[in-house]
There are 2 protein chains.
Amino acid sequence: MSREKEITIYDIARQLDLSAATVSRALKDHPAINKITKKRITDLAEKLGYRSNNFASNLRKQNTNTIGVILHELRSQFMISALAGIEKIATEANYDLIIAHSSESWKKEAANALNLFHKRVDGVIASLAFDTENLSHFAPFERKGIPVIYFDRVFEEAEGAKVIINNQKGGYDATTHLIEQGCKRIAHITASLNRNVYAERLKGYQLALAEKGVKYNEKMIYIIDLTEEASIRAAKEIIKMRPRPDGIFITNDFCAAVCIQTLQEAGIRVPEDIAVVGFNNDVICKIIEPKLTTINYPGLEIGEIVARNLINHLQGKSNIRLTNTIIIKSELIIRGSSLKKTKK
Amino acid sequence: MSREKEITIYDIARQLDLSAATVSRALKDHPAINKITKKRITDLAEKLGYRSNNFASNLRKQNTNTIGVILHELRSQFMISALAGIEKIATEANYDLIIAHSSESWKKEAANALNLFHKRVDGVIASLAFDTENLSHFAPFERKGIPVIYFDRVFEEAEGAKVIINNQKGGYDATTHLIEQGCKRIAHITASLNRNVYAERLKGYQLALAEKGVKYNEKMIYIIDLTEEASIRAAKEIIKMRPRPDGIFITNDFCAAVCIQTLQEAGIRVPEDIAVVGFNNDVICKIIEPKLTTINYPGLEIGEIVARNLINHLQGKSNIRLTNTIIIKSELIIRGSSLKKTKK
DNA sequence: TTGTATGCGTTATCAC
DNA sequence: GTGATAACGCATACAA
């Protein structure tokens with residue numbers, strides 16, 4: 001299929017006996033253009049199937065109207081929702097998105113960052129990979145004054161804007177709830193403590209135990225990679241433990257669902273023998289039986305807020321360098337998997 | 001933050017007392033360049049933090065190396081997997097992606113198509129919205145010879161390349177399996193028959209019934225929008241039906257999971273009283289109890305194949321106008337929700 | 001309200 | 001193996 005020639009503003013200008021400048025202005029809704037002229041131009045543009053050339057325009061304007069998004073994965077409900085939120089706001093503000101995901105690998109994350117840098121994105125939104133240990137691969141953006149805003153998995157102590165929930169409070173609420181349900185020996189299944197989200201939730205767990213006078217036991221902490229296999233293994237270890245835990249706070253709903261199944265297959269009743277609380281409020285919370293008590297992690301809202309902040313900054317309406325950290329509300333959602341007391 | 005000046009090939013050329021042409025060639029691994037010259041150039045480029053300007057390059061080269069992806073939604077496992085497959089292949093081939101989703105609305109789909117057209121994507125990958133009734137909004141691509149390749153939700157009878165599974169066979173296999181399990185009255189919960197995937201699955205269902213001498217009853221067909229609420233409503237209607245169905249083939253796993261719960265809450269045993277087969281092989285199949293029998297719909301593979309075909313076409317390695325339809329293998333996966341016979 | 005002139009950064013063509 | 005030059009399509013400063 002041979003490429004037909006593209007229509008340019010020059011073609012329109014020539015046919016209408018105008019200058020390209022006038023055509024350009026008319027197409028951009030420039031105020032100082034005669035209404036009639038403008039109509040002639042837009043009509044002809046339509047008729048000829050004109051489409052503006054973004055590359056020429058961007059080259060000239062020296063900006064890209066593009067935001068780069070770096071995610072550690074795409075498979076969780078939370079991430080999809082967050083992405084949907086980002087996309088919604090970006091689209092409304094007429095920004096394009098370049099989405100890159102690191103598959104939980106720092107190396108890929110760095111490559112993606114470099115790629116986005118070369119693509120000259122106007123700003124970056126990022127959630128860090130499992131094994132990312134520093135932010136040096138984002139330094140080029142800093143140097144050029146390109147804003148980077150982190151969410152979900154962030155370095156809380158580092159410079160830079162971030163949007164997060166209070167993960168410590170989440171862990172605290174989940175654990176307190178289990179204690180209030182009468183649990184005395186509460187295990188915690190989590191993931192790499194290099195990631196703020198997991199480390200903070202653990203802190204919340206510890207804090208709740210301390211506050212309620214429940215002894216903390218390091219043997220009750222299981223650090224796994226959150227895959228199905230690892231979840232089954234962790235559940236089996238908990239089953240073997242003596243005395244056996246009577247409650248588990250699990251940092252991820254999918255993992256929690258798998259654990260509940262594994263417990264049930266071993267003849268252990270949930271919540272009667274072991275109460276379970278998850279994290280995220282994924283759809284599977286309502287599919288698993290008993291339904292899963294969890295901490296709501298509102299992806300859509302977070303995505304929208306991240307994107308809105310970045311875009312406001314880009315448009316000079318605010319400055320994210322002033323608002324270092326934004327904390328989004330997230331609350332405990334109680335369902336059957338943890339209800340020992342009010343069990344019918 | 002004031003924009004510092006960007007380094008261009010001219011800056012490098014000047015400092016090295018070379019021409020911009022040479023610098024451009026060196027940076028592009030052009031063969032006819034002195035190795036030493038090249039090293040000097042790449043070193044200095046690195047040192048100065050040079051980044052090539054895609055817009056200038058694309059403007060000059062007259063192509064965008066970008067593929068537009070139009071999806072009807074982003075929430076299903078299948079779509080995410082398909083997107084991951086597309087992204088993998090595109091990234092490997094150095095194509096960017098612009099992802100647009102229509103939220104199941106034809107209007108948004110048309111707007112997205114127009115937007116991608118103006119962005120001058122080199123090619124398009126699309127899965128149609130719920131209420132899309134024709135492909136006229138893709139006509140501009142046709143006219144310009146920009147390839148469009150459809151997958152999942154397509155118009156099977158229309159012109160154009162498509163990648164699909166044999167949905168009719170899926171419906172047939174699911175239904176035959178239920179009949180073989182001893183079901184005599186099999187209901188079918190599905191969605192808008194304007195969509196090929198649902199219409200074809202229904203055909204397969206009808207075919208299986210006919211072949212096995214089971215009477216087809218239109219009252220057993222529930223056409224819903226696949227939301228949680230609609231699924232619950234459909235399940236409740238089935239519960240009230242007399243004689244009550246003893247098997248249900250449901251066109252979507254999430255919907256099937258909700259139905260199973262609704263049945264169980266009404267005291268109906270699955271699979272003993274009613275056997276259930278879903279469609280997609282979503283993760284929830286293994287979370288719901290009993291585990292859900294389903295038809296595997298391999299998103300990752302489909303995404304990869306769609307993207308590979310499009311890119312091969314773009315690179316002139318093949319021509320999708322010759323291979324009209326590609327059918328991907330998909331098979332029945334038997335789990336507990338349908339096993340009446342071998343029930344322990 | 002419109003036109004003129006120029007430059008954005010690259011790459012392709014041709015010349016040497 | 002390298003250089004000079006033009007062209008890609010648009011937006012804007014300045015002039016009229």
Side-chain angles (χ1 to χ4, degrees), chain A residues 3-42 44-45 48-66 94 96 117-122 144, chain B residues 3-42 44-45 48-66 94 96 117-122 144:
Chain A
R3 274 231 180 293
E4 319 162 27
K5 177 160 173 352
E6 286 283 347
I7 306 296
T8 74
I9 52 173
Y10 283 99
D11 299 319
I12 297 176
R14 200 175 319 114
Q15 293 198 33
L16 257 30
D17 215 12
L18 290 164
S19 77
T22 304
V23 176
S24 172
R25 288 192 268 251
L27 261 15
K28 285 281 150 195
D29 264 347
H30 189 107
I33 284 285
N34 184 301
K35 271 207 167 177
I36 302 169
T37 318
K38 186 168 139 191
K39 176 136 178 51
R40 289 174 62 217
I41 291 172
T42 50
L44 184 60
L48 296 178
Y50 167 79
R51 36 182 196 168
S52 90
N53 187 320
N54 252 302
F55 301 103
S57 172
N58 286 337
L59 177 59
R60 174 65 230 244
K61 287 190 304 186
Q62 298 284 71
N63 75 348
T64 67
N65 259 260
T66 300
N94 204 24
D96 275 343
F117 183 67
H118 280 112
K119 295 261 164 65
R120 306 194 182 207
V121 294
D122 290 347
K144 281 257 189 289
Chain B
R3 273 232 182 294
E4 320 162 26
K5 177 158 173 355
E6 287 283 347
I7 306 296
T8 73
I9 51 174
Y10 279 99
D11 299 320
I12 297 175
R14 201 175 319 112
Q15 293 199 33
L16 258 30
D17 215 12
L18 289 165
S19 77
T22 303
V23 175
S24 172
R25 287 191 270 250
L27 261 15
K28 286 282 152 196
D29 264 345
H30 189 107
I33 283 285
N34 185 303
K35 273 206 166 179
I36 301 168
T37 318
K38 185 167 141 192
K39 175 134 178 53
R40 290 173 62 216
I41 291 173
T42 50
L44 184 60
L48 296 178
Y50 166 80
R51 39 180 194 168
S52 90
N53 188 321
N54 253 301
F55 300 103
S57 173
N58 286 337
L59 176 60
R60 177 63 232 239
K61 286 192 303 187
Q62 298 282 74
N63 75 349
T64 67
N65 259 262
T66 300
N94 203 26
D96 275 342
F117 183 68
H118 280 112
K119 295 261 163 67
R120 306 196 181 204
V121 295
D122 291 346
K144 280 260 190 286

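So that the names make sense, note that chain A is the first sequence line, chain B the second, and so on, each numbered from 1.
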key: Heavy-atom donor-acceptor pair, A:Thr42 side chain to A:Lys38 backbone, under 3.5 Å   = yes
key: Sub-4.5 Å side-chain heavy-atom contact between B:Ile36 and B:Lys39   = no
ask   = Is any side-chain heavy atom of A:Leu16 closer than 4.5 Å to a side-chain heavy atom of A:Val23?
value = no
inquiry  = Short of 4.0 Å, heavy atom to strand atom, which residues of residues 21-33 of chain A count as contacting DNA chain D?
reply    = A:Ala21, A:Ser24, A:Arg25, A:Lys28
task = May I ask you to decide if B:Thr64's main-chain N or O and B:Arg120's side chain share a donor-acceptor pair within less than 3.5 Å?
result = no
ask   = Rounded to whole angstroms, how far apart are OH on B:Tyr10 and P on C:dT11?
value = 11 Å
task = Of all the heavy-atom pairs spanning A:Ala13 and A:Ala20, show the shortest one and how long it is.
result = CB-N, 3.7 Å
inquiry  = What's A:Phe55 touching, base or sugar-phosphate or nothing? Going by heavy atoms closer than 4.0 Å.
reply    = nothing
request  = Can you figure out which of C:dT11, C:dC8, C:dT4 approaches the side chain of B:Lys61 most closely?
outcome  = C:dT11
query = So, do B:Thr8 and B:Asn53 sit near enough that their side-chain heavy atoms are less than 4.5 Å apart?
reply = no
request  = With DNA chain D as reference, determine whether B:Leu59 or B:Lys38 sits nearer its 5' end, using the nearest nucleotide of each.
outcome  = B:Lys38
message = If you only use heavy atoms from C-beta on, which nucleotide in C:dG7, C:dT10, C:dA12 is closest to the side chain of B:Asn53?
response = C:dT10
task = For residues B:Lys119 and B:Thr66, determine if any side-chain heavy atom of one lies less than 4.5 Å from a side-chain heavy atom of the other.
result = no
inquiry  = On DNA chain D, does the nearest nucleotide to A:Ala56 precede the nearest nucleotide to B:Ser19 from the 5' side, or the other way round? Give the residue.
reply    = B:Ser19
note = Closest non-hydrogen contact found for B:Tyr50 with A:His118 is O-NE2, 3.9 Å
Terminal helix-axis angle for the helix from C:dT1-D:dA16 to C:dC16-D:dG1, with five pairs defining each axis and rounding to 10 degrees = 30°
task = Rounded to the nearest angstrom, tell me the gap between atom CG in B:Leu18 and atom C1' in D:dG1.
result = 11 Å
ask   = For A:Ile12 and A:Ile7, which heavy atoms make the closest approach, and how far apart are they?
value = CG1-CG2, 4.2 Å
query = So what does A:Asp11 touch, heavy atoms closer than 4.0 Å: a base, only the sugar-phosphate, or nothing?
reply = nothing
